[in-house]
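What follows is a short report on a single structure.
Just so it is clear, the values below take in all heavy atoms, side chains as well, and ignore hydrogens, waters and symmetry mates.
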Amino acid sequence: MLCLGIESTAHTVGVGVARQQDKTEILANVNSSYSPSIGGIHPREAAEHHVKALPELMEKSIEAAGIEFEDLDVISFAKGPGLGPCLRVGATAARTLALTLKKPIIGVNHCIAHIEIGKMTMGCKSPVMLYVSGGNTQVISYRQKRYRIMGETLDIGIGNLLDKFGRQFSIPFPCGPRIEELARTGKKMLDLPYSVKGMDVSFSGILTSLSTLSGEKLEDLCFSLQETAFAMLVEVTERAMAYLEKDELLLGGGVASNQRLREMCSIMAKERGAGAFVPKGQYCVDNGAMIALLGLLMKDQASSDLDRTKVNQNFRADEVEVTWL
Amino acid sequence: MVVRGIIFDLDGTLVKDNNSLDIFNEVLVKRGKAPLSPDEAEKTRGMPIVDAFKDLFTGDEIKSAMHDYIEGYKRNELEMEVVEGVEELLLKLQDWGITLGMATNRGNFTANLILDWVGVSHYFKALIGGDDVERTKPDPEPFLKVMELLGVSPDKVVVVGDTRFDIEGGKRAGAKTILANWWPAPFPGADHDYVADTIDELERILTDLLFPVEKRGAEAELRYGYFRGREAVMKRRVKKNYRNESLDLSLRKRRTRAEARLLGEIKKMGVPSPYLYDVDLKNYTIIMERIEGRRVKEFLSCDAHKKENVLREIGGLIGKLHANHVVHGDPTTSNMILTEKGITLIDLGLGEISESIENKGVDLHLLKEILSTSNPGLSFEPVIKGYLDAYPDGKKIIGKIDEIEGRGRYR
Ligand SMILES: Nc1ncnc2c1ncn2[C@@H]1O[C@H](COP(=O)(O)OP(=O)(O)OP(=O)(O)O)[C@@H](O)[C@H]1O
């Protein structure tokens, strides 16, 4: 069984191929990212980039997998959550491919794809996932037939916080890596609003507060921002682990490449006697492979009914009934 | 086996004696001997005075030296001080219902005199001095005698002392041992079970021995113990090494304070909650009433019937809090204990006093989320009914929930 999956929820467009025989494996994972010359993501520009990049990515993925298009059994794409214009590019490409090949198609949830690729590549079984990316900040775990959102941001996502802060202080996009670098030499811990409500967090107060601290060194701002915001994330993740009595922590999403966040997660897990799992970089960020993998897991629900391939910008993980676990 | 009694050594462990060497030397000089230097005196530390005299005198001279020594004690202003923090520790141990005894190689009379002098004698239920036994420390005899007087068996006793005499004797008596290591010259090579470099460390070691951790939440360690005769829970917010140290300290302090304060506040409103017994900000610890029951989390996951009443009651309690402008902050089903008399709310560390509709709305949103994620299909209606019964003005808060839910979504 072979599945080709297309990811295009935000600024990355990617195509992956996954195969299920005795075991499930990733055969190809090729991606291309749009980076705006100035400012944050412009959805329409990103979508244009995806349209241009997709044909070549598809060819490349088939080549890398060592198969022919005709060998594919099912086509999957990320149905959401994400930016409308970007999502539609992936959905359209997937539909076209499915129609041409006369193969069933399935739209999958992007957040669940992150969990499944993490579980598969890291070998953890029933983790609590801290999913941190540009627009998404959620603590997710499986319980009674669904992936449940145990906690999330009440306002902006962590990646958004980093980018908005970066823009205010003229840090080039993508701001995350640069902020991480600057934070390494920061020492002074500034007092920023620490807003944790149960398993939810709120970041907008930090952003407001940072913009009033103009007299401070940029390094110290970055340092304090990371220390405060990441501590909030790790705290709510730990609270979810305690509540659900789980002993595996899985990290996913673009912000998961941050070394300090990884370190904090590992320390927390270790002190709880739990395991921390951080997928390899290419499987942490948005990628086509995870969409292909989830397509395989959900192949029974794939169909040729195109009405079921509408994108859903606010698609939540808990809307999907999990049939494959 | 959990420790129930503690036997302390006196000199060097609980008190610092600033002039006993002077008194000792006075006796020597009077008999034409050279006084001991502080270094020489160090060698006799922990030894019964009479043994020290035995090395220097013979026959009746030993007796008369002892006599002069005791007279010297009576005559001189005592220059004794309690090691800093000892009184607080003894008071705590007493509050926690731990039996305390003392085994010293000093004579019973001077030992009692010193305890009275520094004002801590009432903490000790039994005292055995060097002259109360056939064989002094490091023989186990004094320890066994104290245990007998306290009525605690050796396996439930820990001995705290600063010398080899205490560690060896305690061990031979069958007790656990802690070396009090705050004497300037560290005591060489004793075979102790634990070592405490400060009184704070001693307190931590004793707490672990007396009350093992029963539960570990996300933030806190919980121990079951006693407070002035009542069953109690000790909740200590522990250090989180993943977060910046100054942030960690300020969060733990702030939350310990908030929890203590709110426990008192909501009790006044008639919301069932544990009685607050004691707060120890230094150790980020709250001591409170122990609530017997099952968490609502467990209840909801198995008992199908009667759910609606419980949900209504939950709504009623949160409504009552909000009507009185208290926001719980973490209203999950693991923070509600179902007792015979109804639901008791715990864990208010994230709570605050707030009139804000937004904050109350988030509180309700959290409750709704946890109910729907952990009990899919459960209706939130009974919660709302109970909430509005207790807080008729709460309609505007209910209206806020949808708005809040919409915000975190991808835009
Ligand atoms: N007063 C009490 N009486 C009896 N049991 C208690 C009491 N307080 C707490 N507990 C038990 O200890 C557990 C953890 O306590 P608590 O929720 O206060 O700690 P926490 O670390 O702040 O938890 P979390 O942050 O995970 O919600 C509770 O779920 C409950 O079972």
- Within residues 184-198 of chain A, contacts to chain B at heavy-atom distances under 4.5 Å involve A:Met189, A:Tyr194, A:Val196, A:Lys197, A:Gly198
- Item | Side-chain heavy atoms of B:Arg243 within contact of A:Phe230, under 4.5 Å | no
- Query: Is it the backbone or the side chain of B:His328 that comes under 4.5 Å from a heavy atom of chain A, or both, or neither?
  - Reply: neither
- Between B:Glu219 and A:Arg239, is there a salt bridge with N-O shorter than 4.0 Å? yes
- Message: What's the separation between atom CG in A:Asp200 and atom CD1 in B:Ile370, rounded to the nearest 0.5 Å?
- Response: 9.5 Å
- Message: So for atom NZ, which belongs to A:Lys310, do other residues, nucleotides or ligands contribute more than 12 heavy atoms lying within a distance under 6.0 Å?
- Response: no
- Minimum heavy-atom distance A:Leu154-B:Ile404, with the two atoms named: CD2-CG2, 3.8 Å
- Task: With rounding to the nearest 0.5 Å, note down the distance linking OG in B:Ser374 to CE in A:Met150.
- Result: 6.0 Å
- Contacts of residues 250-268 of chain A with chain B (heavy atom under 4.5 Å): A:Arg260, A:Met264, A:Ile267, A:Met268
- Message: Please output the residues of residues 247-259 of chain B in contact with chain A, using a heavy-atom cutoff of under 4.5 Å, in numerical order.
- Response: B:Leu247, B:Leu251, B:Arg254, B:Arg255
- Note on the structure: What one should report as the nearest heavy-atom pair of A:Arg148 and B:Thr373 is CD-O, 3.6 Å
- Part of residues 219-229 of chain A lying next to chain B, heavy-atom separation under 4.5 Å: A:Phe223, A:Glu227, A:Thr228
- In Å and rounded to the nearest 0.5 Å, what is the NZ to CG distance from B:Lys297 to A:Leu244? 7.0 Å
- Query: Where do A:Arg272 and B:Ala218 come nearest, in terms of heavy atoms and distance?
  - Reply: NH1-CA, 4.2 Å
- Message: Given heavy-atom pairs under 4.5 angstrom as the criterion, report whether the side chain, backbone, both or neither of A:Arg143 touches chain B.
- Response: side chain
- Between B:Arg295 and A:Glu245, does at least one N-O distance fall below 4.0 Å, as a salt bridge requires? yes
